[in-house]
Enquirer: 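Below are the structure tokens for one structure; questions will follow.
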Amino acid sequence: MKKIFVVFVFLSSTFSFSQKNISGFSVTYNKNIETYFLAEILSAEHRKNNKDFELYKVKECSVYQPVVKAALQKYEHLKNSDIAVTTAKLNDILMEKYSSGNDVLMKPLMYHSEFPATDWINDYQFDNNNLTSTQNKEVTDLIKNYLSELSKFYSQENIEQFFKENKNFYNGGINEYSKQIPKGFTKAMEQFYGERFHSYTVLISPMMMWPIEDHEGRGIATEVVLKSGKKNIYEIASPFVKVEGQGQFGYDNQFQARFLSVHEFGHSFVNKEVYKRKDQLVKFKDLFKKSKLKEAMIKTGGYGDYQTCVAEHLVRLGEIQTARIQKDTERANKLEEYHLKNNFIFLPQLEEKLREYNSNREKYKTFGEFVPQLLEVFENSSVEFIDHQLNSIKK
């Protein structure tokens with residue numbers, strides 16, 4: 001996987017698809033998410049950071065993402081609008097001052113009631129354990145102010161009409177993605193991780209730009225905790241197939257759809273267990289920088305943080321285990337081979353370590369209870385081992 005990013009982010013949209021055999025699972029889209037990515041399209045020329053890449057995305061993706069093309073045709077006159085400039089400034093500040101990408105915006109977009117509503121589903125607070133409490137509050141205020149402006153933009157420009165005009169394409173994308181998903185995969189994940197969430201929702205995002213290569217798109221994970229305390233988890237998926245004709249919607253690739261869904265949902269099980277144990281990765285933090293691993297992880301998917309590297313390994317471990325629980329040996333083997341080729345060098349050791357977890361589920365009720373043992377794989381490694389494994393992959 002060359003370019004897959006992660007994050008966290010409820011809400012049902014106008015159209016959705018639900019498989020009765022998959023408890024709590026549905027596929028739909030969300031107007032907040034799509035409206036943000038529309039604003040991002042308009043903002044490209046005003047960016048300071050990554051401006052060339054942002055302009056490239058607009059040029060490239062408008063060729064084979066029909067919704068992007070339709071948005072440009074309808075709203076190109078808004079490229080110098082307040083929301084275009086504000087969106088560019090927001091992303092530049094997030095990157096320059098807080099080392100964050102646009103993935104961090106997905107969670108607040110989902111915490112906000114769906115446009116044109118102006119209220120919030122529950123209290124939203126930005127939280128990054130690499131930042132101070134003051135910095136986290138600064139980002140919270142920055143994002144909340146931006147969403148207020150984005151909501152106004154939605155109403156003032158009647159973005160609702162765009163979704164009505166493109167209703168058939170969004171429905172087509174929902175149905176196309178839904179056909180790719182293995183039945184019962186959320187139950188298999190719950191069995192492996194030892195916990196469950198209130199709902200599992202795939203949000204297709206035909207407006208999200210991501211240059212398509214080898215049927216690889218971008219997936220973002222997010223979650224929302226409701227006032228009841230229940231948690232809904234999401235995968236936001238860019239198209240990963242180039243649309244070249246009628247009846248195509250950008251999601252007709254079974255391996256990528258299954259990979260993205262299990263992968264992004266996996267982050268809601270894994271991330272919370274990794275990030276709360278930051279102090280147990282002191283040695284690995286140093287190894288990550290001194291070895292070739294940081295460079296390799298950035299090239300793989302922009303994973304420049306040691307905690308993210310660990311989380312991405314464990315999520316992939318969960319993908320393989322989920323496939324095996326479903327008795328899909330072919331998918332499990334393909335995933336294992338795929339991830340090893342993409343620099344996830346600790347997977348063999350993690351799988352060996354996991355034998356203890358799988359054979360002692362009376363002792364380890366949840367995956368989280370076993371994570372400290374898995375972290376030992378990273379903490380007990382060495383620069384020599386890491387670089388040797390990475391060099392072996394290159395050969």
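Predicted, not measured: the structure shown is a model, and the values here were computed from it. Throughout, numbering of the chain's residues begins at 1 and tracks the sequence.
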Enquirer: Looking only at non-hydrogen atoms, find the nearest pair between Asn136 and Asn128 and report the distance.
Expert: OD1-N, 3.0 Å
Enquirer: How close do Val104 and Ile143 get, heavy atom to heavy atom, and via which atoms?
Expert: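 Smallest heavy-atom distance, with atoms named: O-CD1, 4.5 Å.
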Enquirer: Should we say atom NZ of Lys278 is surrounded by more than 12 heavy atoms from elsewhere, each under 6.0 Å from it?
Expert: yes
Enquirer: Closer than 3.5 angstrom, by distance alone: can the side chain of Tyr357 be matched with the main-chain N or O of Phe367 as a donor-acceptor pair?
Expert: yes
Enquirer: Got more than 12 heavy atoms from elsewhere within 6.0 Å of NZ, Lys283?
Expert: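 Result for NZ/Lys283: enclosed.
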Enquirer: Is atom NZ of Lys74 surrounded by more than 12 heavy atoms (other residues, nucleotides or ligands) closer than 6.0 Å?
Expert: yes
Enquirer: Return the minimal non-hydrogen interatomic distance between Leu390 and Ala296, and the atom names on each side.
Expert: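 Result for this residue pair: CD2-CB, 4.0 Å.
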Enquirer: Using 4.0 Å as the upper bound for N to carboxylate O, is an ion pair formed by Lys152 and Glu149?
Expert: yes
Enquirer: Going from CG on Asn32 to CG on Leu203, what distance comes out if it is rounded to the nearest 0.5 angstrom?
Expert: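 Going from the CG atom of Asn32 to the CG atom of Leu203 covers 10.0 Å.
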Enquirer: Can you check side-chain hydrogen bond (donor to acceptor under 3.5 Å, both in side chains) on Asn102 and Glu40, steps first, answer last?
Expert: CA-CA 9 Å; Asn102 65 359; Glu40 190 172 273; 2.7 Å; yes
Enquirer: In terms of side-chain geometry, is the basic nitrogen of Glu376 or Lys353 positioned less than 4.0 Å from the acidic oxygen of its partner?
Expert: yes
Enquirer: Using a strict 4.0 Å threshold on nitrogen-to-oxygen distance, state whether Lys79 and Glu76 make a salt bridge.
Expert: yes
Enquirer: Side-chain contact test, heavy atoms from C-beta onward, threshold under 4.5 Å: evaluate it for Leu78 versus Glu157 and give yes or no.
Expert: yes
Enquirer: Within a strict 4.5 Å, meaning less than it, do heavy atoms of the Arg258 and Asp328 side chains meet?
Expert: yes
Enquirer: Taking only Lys NZ, Arg NE, NH1 and NH2, and the carboxylate oxygens of Asp or Glu, determine whether Asp387 and Lys290 approach each other closer than 4.0 Å.
Expert: no
Enquirer: Could you go step by step and tell me if His339 and Phe346 meet the ring pair (Phe, Tyr, Trp, His ring centres under 6.0 Å) rule?
Expert: CA-CA 10 Å; His339 293 323; Phe346 293 107; over 10 Å; no
Enquirer: Give a yes or no on whether a salt bridge exists between Lys164 and Glu160, defined as a side-chain N under 4.0 angstrom from a carboxylate O.
Expert: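 No.
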Enquirer: What residues, two or more places apart in sequence or in another chain, satisfy side chain to side chain donor-acceptor pair (under 3.5 Å) together with Gln246?
Expert: none
Enquirer: Does a salt bridge link Asp141 with Lys137, judged by any charged N lying under 4.0 Å from a carboxylate O?
Expert: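 Lys137 and Asp141: salt-bridged.
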Enquirer: Checking Thr140 side chain against Phe126 main chain: does a donor-acceptor pair fall under 3.5 Å?
Expert: yes
Enquirer: Mind checking the CD-OG spacing from Glu114 to Ser151? Nearest 0.5 Å is all I need.
Expert: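 These two atoms lie 11.5 Å from each other.
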Enquirer: Could you check if a side-chain atom of Glu312 sits within less than 4.5 angstrom of a side-chain atom of Met297, using non-hydrogen atoms only?
Expert: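 Side-chain contact under 4.5 Å: no.
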Enquirer: Show your reasoning for whether side chain to side chain contact (heavy atoms under 4.5 Å, CB included) applies to Glu34 and Asn30.
Expert: CA-CA 6 Å; Glu34 295 301 274; Asn30 180 271; over 6 Å; no
Enquirer: So, are Lys365 and Glu195 salt-bridged, with charged N and O less than 4.0 Å apart?
Expert: no
Enquirer: Under a plain distance cut-off of 3.5 Å, with no hydrogens placed, do Gln373 and Tyr364 share a side-chain donor-acceptor pair?
Expert: yes
Enquirer: Do you see a donor-acceptor pair shorter than 3.5 Å between the side chains of His263 and Glu235?
Expert: no
Enquirer: Just by distance, do the side chain of Thr86 and the backbone of Ile83 share a donor-acceptor pair under 3.5 Å?
Expert: no
Enquirer: Do the ring centers of Phe115 and Tyr36 come within less than 6.0 Å of each other?
Expert: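 Centroid separation for Phe115 and Tyr36: 6.0 Å or greater.
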Enquirer: Under the side chain to side chain contact (heavy atoms under 4.5 Å, CB included) rule, what do Tyr193 and Val270 come out as? Steps first, then yes or no, please.
Expert: CA-CA 9 Å; Tyr193 289 109; Val270 169; 3.8 Å; yes
Enquirer: Using the ring centroid of each side chain, check whether Phe265 and Phe197 are separated by less than 6.0 Å.
Expert: no
Enquirer: Between the main-chain N or O of Val224 and the side-chain N or O of Lys231, is there a donor-acceptor pair closer than 3.5 Å?
Expert: no
Enquirer: I'd like to know if Glu330 pairs up with Lys334 as an ion pair, taking the criterion as any Lys NZ or Arg NE/NH1/NH2 lying under 4.0 Å from an Asp or Glu carboxylate oxygen.
Expert: no
Enquirer: So do the side chains of Lys144 and Gln125 get within less than 4.5 Å of each other, counting heavy atoms only?
Expert: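 SC-SC contact between Lys144 and Gln125 confirmed.
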Enquirer: I'd like to know if Glu379 pairs up with Arg277 as an ion pair, taking the criterion as any Lys NZ or Arg NE/NH1/NH2 lying under 4.0 Å from an Asp or Glu carboxylate oxygen.
Expert: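 Salt bridge flag = no for Arg277 with Glu379.
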Enquirer: Among the clusters formed by ILVMFWY side chains lying less than 4.5 Å apart, do Leu72 and Ile159 turn up in the same one?
Expert: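 Yes, Leu72 connects to Ile159 through the hydrophobic network.
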Enquirer: Check the surroundings of atom CG in Asp82: do more than 12 heavy atoms from other residues, nucleotides or ligands lie under 6.0 Å from it?
Expert: no
Enquirer: When you compare the side chains of His46 and Asn80, does any donor N or O come within less than 3.5 Å of an acceptor on the partner?
Expert: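 Yes.
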Enquirer: Shared ILVMFWY cluster between Ile320 and Val310, side chains joined below 4.5 angstrom?
Expert: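 Linked within one cluster.
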Enquirer: Checking side-chain polar atoms at under 3.5 Å, does Tyr170 have a donor or acceptor matched by the opposite partner on Ser205?
Expert: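 Result is no, nothing qualifies.
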Enquirer: Let's go through Tyr177 and Ser261 carefully: what are the C-alpha distance in whole Å and the side-chain angles of both, what is the deciding distance for side-chain hydrogen bond (donor to acceptor under 3.5 Å, both in side chains) to 0.1 Å, and is it a yes or a no?
Expert: CA-CA 10 Å; Tyr177 197 109; Ser261 295; 2.9 Å; yes
Enquirer: Let me see the working for Val202 and Ile236 under side chain to side chain contact (heavy atoms under 4.5 Å, CB included), right down to the final yes or no.
Expert: CA-CA 6 Å; Val202 171; Ile236 303 168; over 6 Å; no
Enquirer: Determine, using the 4.5 Å side-chain heavy-atom cutoff (strictly less than), whether Met106 and Ile93 are members of one ILVMFWY cluster.
Expert: yes
Enquirer: Do the side chains of Val63 and Met208 join up, straight or via other hydrophobic residues, at under 4.5 Å, putting them in one cluster?
Expert: no
Enquirer: For the residue pair Glu190 / Tyr200, report whether a side-chain donor-acceptor contact shorter than 3.5 Å exists.
Expert: yes
Enquirer: Kindly indicate, with the supporting measurements, whether the criterion side-chain hydrogen bond (donor to acceptor under 3.5 Å, both in side chains) is fulfilled by Asn129 and Gln307.
Expert: CA-CA 10 Å; Asn129 70 358; Gln307 295 176 95; 2.9 Å; yes
Enquirer: Under 4.0 Å between a side-chain nitrogen and a carboxylate oxygen: does that hold for Arg316 and Glu336?
Expert: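 Looking at Glu336 together with Arg316, the answer is no, because their closest N to O distance does not fall below 4.0 Å.
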Enquirer: Is the distance from the ring center of Phe378 to that of His313 below 6.0 Å?
Expert: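 Yes, the ring centres sit under 6.0 Å apart.
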Enquirer: Any side-chain donor paired with an acceptor under 3.5 Å for Asn253 and Gln180?
Expert: no
Enquirer: Verify, without hydrogens or angle tests, whether Asn158 (side chain) and Tyr154 (backbone) share a donor-acceptor contact under 3.5 angstrom.
Expert: no
Enquirer: Look at Glu54 together with Lys59 and state whether they make a salt bridge at an N to O cut-off of under 4.0 Å.
Expert: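 Salt bridge: no.
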Enquirer: How are the rings of Tyr124 and Tyr111 set relative to one another: parallel (under 30°), tilted (30 to 60°) or perpendicular (over 60°)?
Expert: tilted
Enquirer: Is any side-chain N of the basic residue among Glu352 and Arg355 closer than 4.0 Å to the acidic one's carboxylate O?
Expert: yes
Enquirer: Tell me if the aromatic rings of Phe255 and Tyr338 count as close, with their centers under 6.0 Å from one another.
Expert: yes
Enquirer: Give me the atom names and distance for the closest heavy-atom approach of Val67 to Phe162.
Expert: O-CZ, 3.8 Å
Enquirer: With the 4.5 Å side-chain cut-off for hydrophobic clustering, are Val85 and Leu150 part of the same group?
Expert: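 Each belongs to a different hydrophobic cluster.
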Enquirer: Give the minimum heavy-atom separation between Phe284 and Cys309, together with the two atoms involved.
Expert: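 It is CZ-SG, 4.0 Å.
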Enquirer: Might you point out which heavy atoms bring Tyr251 and Ser238 nearest each other, and give the distance in Å?
Expert: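 That closest heavy-atom pairing would be CE2-O, 3.2 Å.
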